[in-house]
Visitor: 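To start, I am sharing the structure in question, which I have written as structure tokens.
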Amino acid sequence: MEKVVSPDSRWSWVEVNLAALRRNTQAFRRMLSRDVQMMCVVKADAYGHGAVPCAKTMHAAGANQFAVATVREGVALREAGIEWPILILSEPPVDCVDTLVEYDLMPAVYTADFALALGEAAASANRVARYHLAIDTGMTRIGVSREDVIELRRTIDFHRGLECAGTFTHFATADVLDDWDFALQLNRFREAVEALRGAGLDTGLVHCDNTPGTVMHPECHFDMCRVGIGLYGLHPADITRPRIELEPVMSVRGRVVRVVYPNVGDGVGYGLTWRVPKKNIQVATVPIGYADGLARELSNQMDVLVDGTRCRQVGNICMDQFMFAVDVNSARAYRPSRPVEYGDVVTILGADSDERISAEEMAGLRNTINYEVVCDFGMRLEKIYT
Ligand SMILES: *Cc1c(COP(=O)(O)O)cnc(C)c1O
């Protein structure tokens, strides 16, 4: 590993490559026509990458708007000085309406009660609250049912404190090729938008594509695309790989804080689930655990990289630490060219020389998706921006 900056207070960190984030954002921007806006999804602290620095980098690379999941996430962006439009991707509790108006956050709207409370809050502050109408076209998650779209708008549109700034839906299967359910959702969305227009109602910006939709379905970019995972350099599915080149933005690294040569038969970690099988095995400790997002089900399954060589993680992953083993005398794989030392850099996620531990590899071992792997690493580790 060449030069590495590590935090002073703990030898473990998330490295966020903002240059890669910029290039990924530009790659998506190039996919969109000039008149299509790019909404960058920075929910869950930008999928674990840090929402504020990521949003600034994305904006400089062509992002027009941002989306978050919660009111708190939106407020945090505003308090950090982010002034661009921010959409909250679901309808928050009605008690938030004053906060939404105060911080100029656009919620997704799909109930009349919420919309009218928002309108009241805005009117009493002499403002107009902008919102995006969410339509459920088949995912059965959030949004007004497609049959009730017009009625909802007719119930709330009289309010002078409300302005519809967008109309959107979300696809359940945009990452599946030639999917009938996708076509069905898109059809229902088109019909709803046409019905709104036919009724003389303003839709604002029409949008539906997430990352896989943006890449695979340019026919429904409409006025805006909501891009998330791809910006962070991860593919939502294998089908997008041939269509766009992306660079992973996150790496997770730590340093060795202790090395020992235990006796043959000594056990490692809680439950002593791994035992030293022979002489001349090093066991090294790294200060990253499941409270940092390194899921415990990876115990005795995952590899880490030292000097670009894979080493086996051993023993149960603890809350704040894990251990890995190096067979010093092995002539074969799973052994760096030298014994491991105090202070050595260990790569848990990302590249070291020609070797890489990908979020997909880790997701496979955990029976989950790359999205969850990077989100999890956002929970406690210090972030270093490069
Ligand atoms: C998370 C989310 C997105 C972004 O999805 P990606 O697959 O990460 O691109 C877009 N729209 C909505 C409504 C979302 O919840």
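Nothing fancy with the numbering, it's 1 onward along the sequence. In listed order, ligands and their atoms are each counted from 1.
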Visitor: For residues Thr203 and Thr167, is any side-chain donor paired with an opposing acceptor at under 3.5 Å?
Guide: no
Visitor: Whether the Thr137 and Arg146 side chains hold a donor-acceptor pair (N or O, under 3.5 Å, no angle test) is what I'd like checked.
Guide: no
Visitor: Taking all non-hydrogen atoms of both residues into account, name the closest pair between Ala174 and Phe182 and its distance.
Guide: CA-CD1, 3.7 Å
Visitor: Taking side chain to side chain donor-acceptor pair (under 3.5 Å) as the test, write out the residues that go with Glu73, two or more places apart.
Guide: none
Visitor: Through direct or indirect side-chain contacts below 4.5 angstrom among Ile, Leu, Val, Met, Phe, Trp and Tyr, which residues connect to Trp180?
Guide: Leu184
Visitor: Tell me, please, which residues at least two apart from Leu152 pass side-chain contact (heavy atoms from CB on, under 4.5 Å).
Guide: Ala112, Leu133, Val144, Ile156
Visitor: One line per pair, note the atom names and distance for all nitrogen or oxygen contacts under 3.5 Å between ligand 1 and the protein.
Guide:
unit_1: ligand 1; atom_1: 7 (O); unit_2: Tyr371; atom_2: OH; d: 2.6
unit_1: ligand 1; atom_1: 8 (O); unit_2: Tyr47; atom_2: OH; d: 2.6
unit_1: ligand 1; atom_1: 8 (O); unit_2: Ile229; atom_2: N; d: 2.8
unit_1: ligand 1; atom_1: 9 (O); unit_2: Thr211; atom_2: N; d: 2.8
unit_1: ligand 1; atom_1: 9 (O); unit_2: Thr211; atom_2: OG1; d: 2.5
unit_1: ligand 1; atom_1: 9 (O); unit_2: Gly228; atom_2: N; d: 2.9
unit_1: ligand 1; atom_1: 11 (N); unit_2: His170; atom_2: ND1; d: 3.4
unit_1: ligand 1; atom_1: 11 (N); unit_2: Arg226; atom_2: NE; d: 2.8
unit_1: ligand 1; atom_1: 11 (N); unit_2: Arg226; atom_2: NH2; d: 3.4
unit_1: ligand 1; atom_1: 15 (O); unit_2: Lys43; atom_2: NZ; d: 2.8
unit_1: ligand 1; atom_1: 15 (O); unit_2: Arg141; atom_2: NH2; d: 3.3

